[in-house]
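Written below as structure tokens is the structure these notes are about.
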Amino acid sequence: THYALAMRSIDFRSRTIAELVDVAVRSVVGIALALAGAGVWSLILGYIAGNIALSAILWRLVPWRPRRVRSLRHLRTMLSFGGYVTGVSVMAAFLAQFDNLVVGRSLGVTQLGYYSIATKIPELFILNVAIVAGQVLFPAFAALDADALRRGVITSFRYVAMIVFPLSVFLIVLAERLTIVVFGPRWHGAVAAARVLCLWAVMSPISMVCGNAFMSRGRARLLFIIAIPQAIALIAGSILVVRHGIVAVSWVQAAIAITAQVVTLGVAQRMFRLSFRSLLATFVPPLLASAALAAVLFAVNQLVTAPWPAII
């Protein structure tokens, strides 16, 4: 509750302090227990200790305390909205993990290891942008009227595209160098899948803008409906292509994400009365700049052999 209240007021100071304490406590407790021989329990107890510390700090920094409330007139609306938000979260967790389950079950732990590392590159550099954007955009959008929300959605698309499109090109072209630098040469088998998964990840920040705009207008049910065919397609696609390897599974993820985002953009265009011209003006300049960047990076990748100099 305290975390949600801090999010509603866009109080990043309190949340950041609490999250830093969480990471510090989790690290110290987890590493100390691991060195003491606690095994996998060091991870579990580290997470528990970190969450207790985070909750304690938030209770200290966010001035809200529970009290008896007799009015129940908003209960039905809150349960309905919260139920769909929970459903979307569960569906998102399923979409994030089912492919790992299929890869591990069908291809074994080595290929699952490569696939897991392949997801880390876009996760580190792209998905974290989506997560942060979502934490800011929902309370910001909720405070806007219809006209201001329309402008806010277009502005959010513009900044997301300016950051994510060139970043994705950088990750795709230099995926091999980044994998070697960040994880080591033994993980070279993850490179091809990582390149494809960047196409999947680039859809997430755009989806985050649409999703938070929908939720700011109480339309969580719409997000849940859009997620259902994605889950069905992921189940069928992953099972059908997994025998062809982790790159094929990655293409399934990318195809589903791109298709779903085209549909979501169409719904957002209609719901918020966004003109097609305004969307083109938002997305085309970053796409053209990213194409030029791709040409430059491709030349650098061919001419510079050492990983660090190429990345720099």
Side-chain angles (χ1 to χ4, degrees), residues 95-96 99 114-134 137 153-185 187-211 245-265 268 278-312:
L95 291 169
D99 52 341
Y114 286 140
Y115 188 73
S116 176
I117 292 298
T119 64
K120 293 299 181 187
I121 293 291
E123 183 179 292
L124 285 171
F125 297 102
I126 299 176
L127 294 186
N128 283 328
V129 173
I131 292 170
V132 173
L137 289 179
V153 168
I154 289 293
T155 302
S156 300
F157 280 149
R158 182 177 298 118
Y159 281 107
V160 163
M162 286 169 57
I163 296 169
V164 171
F165 288 176
L167 185 57
S168 300
V169 166
F170 174 77
L171 296 177
I172 290 171
V173 177
L174 294 177
E176 182 177 7
R177 311 298 179 88
L178 284 166
T179 302
I180 291 172
V181 165
V182 177
F183 299 107
W187 296 103
H188 191 274
V191 171
R195 287 194 167 110
V196 178
L197 287 170
C198 286
L199 299 175
W200 156 71
V202 75
M203 295 294 107
S204 295
I206 300 172
S207 175
M208 192 66 70
V209 175
C210 294
I246 61 174
V247 176
V249 176
S250 301
W251 275 114
V252 169
Q253 285 275 32
I256 292 172
I258 293 170
T259 304
Q261 196 46 53
V262 169
V263 172
T264 305
L265 271 174
S278 67
L279 289 176
L280 281 180
T282 298
F283 289 116
V284 169
L287 279 173
L288 294 176
S290 299
L293 175 63
V296 174
L297 287 176
F298 183 79
V300 169
N301 199 39
Q302 298 300 311
L303 296 172
V304 183
T305 57
W308 268 119
I311 292 170
I312 292 170

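With hydrogens and angles ignored, the 3.5 Å screen pairs a side-chain donor or acceptor of T264 with a backbone N or O of A260. In this structure, the side chain of R158 does not engage the main chain of T282 through any donor-acceptor pair within 3.5 Å. In this structure, T119 contributes its side chain and S116 its backbone to a donor-acceptor pair below 3.5 Å.
The shortest heavy-atom contact between M208 and A133 is CG-C, 4.4 Å. Listed here is the closest heavy atom pair of I246 and G189: CD1-O, 4.0 Å. A pairwise comparison of heavy atoms in P307 and V181 identifies CB-CG2, 3.5 Å as the closest pair. Of all heavy-atom pairs between I154 and S278, the closest is CD1-OG, 3.7 Å. Nearest heavy atoms, P122 versus A201: CB-CB, 3.5 Å. The shortest non-hydrogen separation linking A193 to A118 is CB-CB, 3.7 Å.
Counting heavy atoms from C-beta outward, S168 and I126 have side chains that approach closer than 4.5 Å. A heavy-atom distance below 4.5 Å is not found between the side chains of V196 and W200. Between T179 and H188, every side-chain heavy-atom pair lies at or beyond the 4.5 Å cut-off. Under the 4.5 Å side-chain criterion, counting only non-hydrogen atoms from C-beta, V164 is not in contact with I206.
The structure places CG of L174 at 8.5 Å from CZ of R195, a figure rounded to the nearest 0.5 Å. Taking CG of L297 as the reference point, atom CD1 of I311 lies at 11.0 Å (rounded to 0.5 Å). With values rounded to the nearest 0.5 angstrom, L303 atom CG is found 10.0 Å from F298 atom CZ. The CD atom of E123 sits 10.5 Å away from atom CG of L197, with the distance rounded to the nearest 0.5 Å. Rounding to the nearest 0.5 Å gives a distance of 10.5 Å between SG of C198 and CZ of F170. Rounding to the nearest 0.5 Å gives a distance of 5.0 Å between SG of C210 and CD of Q261.
Aromatic ring orientation, Y114 versus W187: perpendicular (interplanar angle above 60°, classes split at 30° and 60°).
The local environment of CZ in F183 is crowded, with over 12 non-hydrogen atoms from other residues, nucleotides or ligands closer than 6.0 Å.
Every residue was checked against the ring-ring contact (aromatic ring centres under 6.0 Å, His included) condition with F165, not counting sequence neighbours, and none meets it.
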Go through V160 and V209 one step at a time and tell me if the side chain to side chain contact (heavy atoms under 4.5 Å, CB included) criterion holds.
-> CA-CA 9 Å; V160 163; V209 175; 4.0 Å; yes

Check the pair L178 / V191 against side chain to side chain contact (heavy atoms under 4.5 Å, CB included), numbers first and verdict last.
-> CA-CA 9 Å; L178 284 166; V191 171; over 6 Å; no

Please test I172 against L199 for side chain to side chain contact (heavy atoms under 4.5 Å, CB included), starting from the C-alpha separation and ending with a verdict.
-> CA-CA 9 Å; I172 290 171; L199 299 175; 4.0 Å; yes

